[in-house]
Amino acid sequence: MSDGISFYDQVFEIVKKIPPKRVSTYGRIACLLGTPRAARAVGYALNSLKKDFYQDVPWQRVINSKGQISFKGDVFRANLQRKMLETEGIVFTKDDKIELSVYGWP
DNA sequence: ATCGTGACGAACG
DNA sequence: CCGTTCGCCACGA
């Protein structure tokens, strides 16, 4: 699995596999990497993404287990994320949530 | 090598 | 249902 490939890179590769109009969660990705309790680390990895990388990694398709966008003070990024998802065609419920049973991946 | 940290999450009360 | 607490991991100073 990890041949010198950092945890971060493994996260990015998984995220790249999320199809358009679908979303995954930090915890889900952690499970796919074999570390079910590394959800926090997954978020940390995405946080390290730079602007230039944004077009290569669909970071916007990763949300929390509640089906909501996670933002801790960074309202700017959160708004951008929501807009990008809506552009893909994803519909948010009245309480700003995404139905994981519909858009969830895998 | 040790410590603090954070786009998380499940368990509590 | 909601806020709080505690555990978990990888990373960088």
Side-chain angles (χ1 to χ4, degrees):
Chain A
M1 292 290 248
S2 54
D3 302 79
I5 302 176
S6 71
F7 181 80
Y8 280 19
D9 291 325
Q10 292 183 57
V11 170
F12 301 151
E13 288 193 34
I14 291 273
V15 175
K16 286 180 181 175
K17 294 178 182 174
I18 304 176
K21 204 168 185 229
R22 301 297 294 284
V23 297
S24 192
T25 68
Y26 303 97
R28 219 62 161 281
I29 292 175
C31 286
L32 295 177
L33 291 179
T35 51
R37 302 168 204 77
R40 217 167 177 179
V42 172
Y44 198 25
L46 292 180
N47 183 48
S48 73
L49 277 177
K50 300 308 173 194
K51 185 175 60 178
D52 300 327
F53 239 54
Y54 274 25
Q55 38 188 304
D56 298 326
V57 182
W59 56 273
Q60 73 275 20
R61 297 183 190 138
V62 185
I63 59 181
N64 63 32
S65 64
K66 288 177 277 187
Q68 300 182 294
I69 291 176
S70 286
F71 54 79
K72 285 208 168 178
D74 195 340
V75 185
F76 179 74
R77 181 189 61 66
N79 285 329
L80 173 62
Q81 180 167 13
R82 171 155 183 161
K83 185 164 187 175
M84 291 179 82
L85 291 175
E86 293 181 319
T87 298
E88 290 185 5
I90 291 179
V91 179
F92 284 72
T93 62
K94 296 172 184 176
D95 45 337
D96 306 308
K97 292 195 301 187
I98 292 178
E99 293 285 343
L100 288 176
S101 58
V102 177
Y103 302 101
W105 181 91

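For the numbers below, each heavy atom of this structure counts, side chains included, while hydrogens, waters and symmetry mates do not. Please read all numbers here as calculations on a predicted model, not as lab measurements. Just so it is clear: chains get the letters A, B, ... in the order the sequence lines come, proteins before strands, and each one is counted from 1.
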In this structure, how many angstroms lie between the C1' atom of dG6(B) and the CZ atom of Phe71(A), rounded?
16 Å
Side chain to side chain donor-acceptor pair (under 3.5 Å) partners of Glu13(A), counting only residues at least two apart:
none
Thr93(A): partners by side chain to side chain donor-acceptor pair (under 3.5 Å), with sequence neighbours left out:
Asp95(A)
Using a cut-off of strictly less than 4.0 Å between a heavy atom of the residue and any atom of DNA chain B, enumerate the qualifying residues of residues 62-69 of chain A by number.
Asn64(A), Ser65(A)
Whole Å only: how far is the CZ atom of Phe76(A) from the C1' atom of dA7(B)?
15 Å
When the distance from CG of Leu33(A) to C1' of dC8(B) is rounded to whole Å, what number comes out?
14 Å
List for me each residue that meets side-chain contact (heavy atoms from CB on, under 4.5 Å) alongside Arg40(A), sequence neighbours excluded, and say none if there are none.
none
Heavy-atom contacts, protein to nucleotides 6-13 of chain C, under 4.0 Å, summarised as B (base), S (sugar-phosphate only) or - (none) per nt, yield -BBBSS--
Sorted by chain and number, sequence neighbours left out, side chain to side chain donor-acceptor pair (under 3.5 Å) with Arg28(A) holds for none
Report the distance from atom CD of Gln60(A) to atom C1' of dA7(B), rounded to the nearest whole Å.
13 Å
Listed partners of Asn79(A) passing side chain to side chain donor-acceptor pair (under 3.5 Å), at least two apart:
none
For Ala30(A), side-chain contact (heavy atoms from CB on, under 4.5 Å) partners two or more places apart:
Ala38(A), Val42(A)
With sequence neighbours excluded, residues passing side-chain contact (heavy atoms from CB on, under 4.5 Å) with Arg22(A):
Ile18(A), Pro19(A), Trp105(A)
Minimal non-hydrogen separation, Lys21(A) against Glu88(A), with atom names:
N-OE1, 3.0 Å
Let me know the distance between CG of Leu80(A) and C1' of dA7(B), rounded to the nearest Å.
13 Å
